[in-house]
Amino acid sequence: MTAVAGDPQHVFLVDGSGFIFRAFHGLPAMSRPDGTPVNAVYGFTTMLLKLLSDTDADHVAVIFDAGRLSFRNDIYPEYKAHRPPAPEDLVPQFPLIRDVVAAFNVPSVEMEGFEADDLIATYATQAVARGARVTIVSSDKDLMQLVGERVEMLDTLKNRTIRAPEVLEKFGVAPDKVVDVQALCGDPTDNVPGVPGIGVKTAAQLIGEYGDLDSLLARASEIKQPKRRETLLNNAELARISRELVRLKCDVPVTESLDSFAKRPFDRQVLADFLAAQGFKSIVARLGGSSVTPTAAPAVTAPVAVAAPVVAQYELVTSVEVLEAWVAEATRMGTVAFDTETTGLDPLRAELVGVSLATAPGRACYIPIKHDAGPAQGSLLLDPSPAAAGPDILGREVTLAKLAPLLADASVLKIGHNIKYDMQVMAQAGLTVTAFDDTMLLSYVLDGASHGHGMDELAKLHLDHDTIKFADVCGTGKNQITFDRVPLDKALAYAAEDADITLRLHGVLKARLLAERMVTVYETLERPLVPVIVAMEAAGIKVDRTALMALSAEFGGRMAELEVQIQTLAGREFNVGSPQQLGKVLFEDMSLPGGKKTKTGQWGTGADALEELAAQGHDLPARVLDWRQLSKLKGTYTDALVAQINGRTGRVHTSFALALTTTGRLSSSDPNLQNIPIRSEEGRKIRHAFIAEPGHVLLSADYSQIELRLVAHVAGIKGLIQAFHDGADIHAITAAQVFGVPVEGMDPMLRRRAKAINFGIIYGISAFGLAQQLGISNGEAKSYIDAYFGRYPEIRDFMERTKEEARANGFVLTPFGRKVFTPGIKDKNGAMRAFAERAAINGPIQGGAADIIKRAMIRLPAALAAEGLKARLLLQVHDELVLEVPVAEQDATRAVVCRVMESAAQLDVPLVAEAGFGTSWGDAH
DNA sequence: TTAGTCACG
DNA sequence: GACGTACGTGACTAAT
């Protein structure tokens, strides 16, 4: 069949009835002012709105069930006979939902005697015959039999696409065998009898073995298990009837033609009026999008496609009445952007200065809480400050009291930009925030590290808006003032804009989430992690100040000794900490061999270069290495950490960045507690200074080989998967398999090489890199890699597949759907491209591991609470979690932590977590 | 501000 | 045949 002009390309068939029930049961009760229940109507409306704005479909229709009876009741009167009548609260919503569809100007179809599923089957068949793609918007398993090369299903509530693999997962067979399986196992919800005693698993196994139902029934007497054979022989007719019940009719004599589903525009005014009548103000606001002018009463008159400039109207809130009005408006809208202004960046030390809210584009307010009336430093005393002359501001107590219920109200969505910070600030004031979105995290899951996620940058990018910069309001450098000293008029303009922009960014970004299939990543991996991180940062970790200071003195003393020795050896004084001066000493004054220049023409004095010289017997570079180690430990850890101890808590509180890395990992800073030394003996002393409170111990639990397990899983490497199931020393087994030697009595060198290759795979292996790592020749490294690929052929496939994915999309996906962007993958510079290719290969592995530990962290607090355990999460170090645990609860806590970590994901390999206790972090390993 | 170095997974 | 490399971070110092 050849396509002719006007043929549909992509057809959306929405299972209206299915969605109504799911929306009704999935959403909390909602009602119109007149008392009519509308939760299903609301759910249906938002779904349809998203669907229509996100899809490339050119044909759309919503299909409903017409009545309770269909032709199936003629075959089997009991079909769906036991279904209770629709819930009382749902009945009045059926006609309203048909009105919704009409308001969207989308055709709806229903037909007496046929179920919606049959109509969907019929139209899908017609569409495929005309060369179109079909998306069935439903999660009903009865429709899975229709999935095919050109037909997919979309579960909008879970944002999941159902194709052949998902069908296989559900029924254990390909879509074309689904009816056979259903015929055997039946369906209690629809009263389809099936064969007694046979469930999905057995049915799939039988169909897999015999091919289809008819063959199975014909050869039933061959079945070995006597009981199963008997039931099949006795119930053959029941199975055939069941098959007729579940098989969808593809040739219903429909009256509406497929062509009549061609997508057509809808009248926004009609729709807005209808929605307003249902009380759906938040949807009306969304319809208006960025085109809404705050003064225009009906927000929907402007066409959404043309973004009219927003007329910003910001209000300074200085009376309780006005504050109450804003809270009421936010509650009514169901959505509010909010932002806090403070005196600093550290949420534990910063003081709350004010709060801004935004309820619609351009409509925002600022509530000052603590603004210093005095002029900024440097102003003349006689200068009458506008702030001093301004109106009185509301007190902290009353403002917080009025805001608390709004922030705690689960039915009002609070939108923040980096809301982690605002939640921490509010937590200091005793307020909790429930039901929130974060535009920074939205931006991060959508665009990864392809650009920054600061609000200024996003405002320019998505709204073409230049924001007022913090520096414009507070200055920079030594002239910088804190926000509480900013005059109120300037504070209003800056702070209210922040909330306003946040709200408008939310409109743009949240809409992209579904279209770009990032709902699940955002809602299950990123957003729920925020409160977990808030608690971790607030908890902090105790460090032994005295021990660190003693270490610092010790390191300092030894450095001074080494400096004397080094300068004596050099024959002159120079700054040992200067790579430039050291390079001259080594390669010019002393004329040592093998000096290499860095790309800027300096002598390279990295550890590998110094080690090589030391190995040749040169003393000076060896002592520089020692000096550098001590210098690093003293400067970065002992001294810096002591300076970071919070005066109030006596603990160190890091900051975890959630929207920074390219792979989805967290990062830690101020101080970085993810790079505390452990590999060297001297370094470990620092780890021993991280201690538990009296009566507590530290628990360190880490995933064993999580990245290599991810490799085995995503690449489907049978040899490695088996090895992980066997639970033995993975590097030794790799060595045995690749080099063909027994594990017993293995040369440790072979194991070391196998380990290096295993790591190399994770990094997107190259012969050069492996050679460098092992200190062997390029050729030898290449022969190892070839041997590895020969033993595990799936790895090569995975690497090629991943690079292809990166080239096609500009990103690769982790097993949990996170996008890892791969800029440079098409660069004309070969080195750049190779770099991007290795990063692409690493992406699903490192990113997948990051996803898994995030899942564990999200589940852990509730799992601990469920067993009444008081342990607190303190740190995450990529594959390790550190908790502070009451001594009496050690064993129970370890069990919960390991269980949660190990069950955080279901892969083709087991996940293993190992945990230890200690009074210090160093002892807990 | 950038480059070099080195701490971690 | 040359390119110039293991993946992902943050903090410190010297030099600009």
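Note that these values count all heavy atoms, side chains included, but never hydrogens, waters or copies made by symmetry. These figures come from a predicted structure and were not determined experimentally. Chain A is the first sequence line, chain B the second, and so forth, proteins listed ahead of strands; every chain is numbered from 1.
- Between A/Ser578 and A/Ile757, the residue anchored closer to the 5' end of DNA chain C is A/Ile757, taking for each the nucleotide with the nearest heavy atom.
- No contact: A/Asp702 has no heavy atom under 4.0 Å from any strand.
- Aromatic ring centroids of A/Tyr792 and A/Tyr788 lie under 6.0 Å apart.
- Using a 4.0 Å heavy-atom criterion, one finds that A/Leu660 contacts the sugar-phosphate atoms exclusively.
- In this structure, A/Ile678 reaches the sugar-phosphate backbone alone: every heavy-atom distance under 4.0 Å involves primed, P, OP1 or OP2 atoms, never a base.
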Quiz item: Passes salt bridge (Lys or Arg N to Asp or Glu O under 4.0 Å), A/Arg651 versus A/Glu884? Steps please.
Solution: CA-CA 13 Å; A/Arg651 295 165 73 102; A/Glu884 194 166 35; 2.8 Å; yes

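- If you check every strand for non-hydrogen atoms under 4.0 Å, A/Glu880 touches nothing.
- For the pair A/Lys584 and A/Trp603, the cation-pi criterion (under 6.0 Å, within 45° of the ring axis) is not fulfilled.
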Self-check item: Watson-Crick or G-U pairs under 3.5 Å in DNA chain C, rendered as dot-bracket with [ ] for crossing pairs and | for another strand
Solution: ......|||||||||.

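- Taking the ring axis of A/Phe555 as reference, the NZ or CZ atom of A/Lys634 does not stay both within 45° of it and closer than 6.0 Å to the ring centre.
- When heavy atoms are screened at a 4.0 angstrom cut-off, A/Gln629 is found touching the sugar-phosphate backbone but no base atom.
- In this structure, A/Gly843 reaches neither bases nor backbone, as no heavy-atom distance under 4.0 Å exists between it and the strands shown.
- At least one donor-acceptor pair under 3.5 Å links the side chain of A/His653 to the backbone N or O of A/Glu537.
- Straight-line distance between the P atoms of C/dT5 and B/dT5: roughly 13 Å, to the nearest whole Å.
- First and last contacting nucleotides of DNA chain C toward chain A (any atom under 4.0 angstrom from a heavy atom, 5' to 3' order): C/dT5 to C/dT16.
- Within 4.0 Å of A/Gln580, counting heavy atoms only, lie sugar-phosphate atoms of the nucleic acid but no base atom.
- Across all strands, A/Gln602 comes closer than 4.0 Å only to sugar-phosphate atoms, never to a base (heavy-atom distances).
- Within the 4.0 angstrom heavy-atom criterion, base atoms lie near A/Arg679.
- Using a 4.0 Å heavy-atom criterion, one finds that A/Ala657 contacts no nucleic acid atom at all.
- No side-chain N or O of A/Ser667 forms a donor-acceptor pair with one of A/Gln674 less than 3.5 Å apart.
- Centroid-to-centroid, the aromatic rings of A/Tyr522 and A/Tyr444 stay 6.0 Å apart or farther.
- Remark: the backbone N or O of A/Asn575 is paired with a side-chain donor or acceptor of A/Gln581 at under 3.5 angstrom.
- Across all strands shown, A/Ser766 has heavy atoms under 4.0 Å from base atoms, whether or not it also approaches the sugar-phosphate.
- Here A/Phe768 lies in heavy-atom contact (under 4.0 Å) with a base.
- Among the protein residues, A/Asn575 comes within range of the sugar-phosphate backbone only, with heavy atoms under 4.0 Å from sugar or phosphate atoms but none that close to a base.
- Reading DNA chain B from its 5' end, the first and the last nucleotide to sit under 4.0 Å from a heavy atom of chain A are B/dA3 to B/dG9.
- Comparing the same atom, P, in B/dC6 and in C/dA6 gives a spacing of 14 Å after rounding to whole Å.
- Nucleic acid contact for A/Ile765: base, since at least one base atom lies under 4.0 Å from a heavy atom of the residue.
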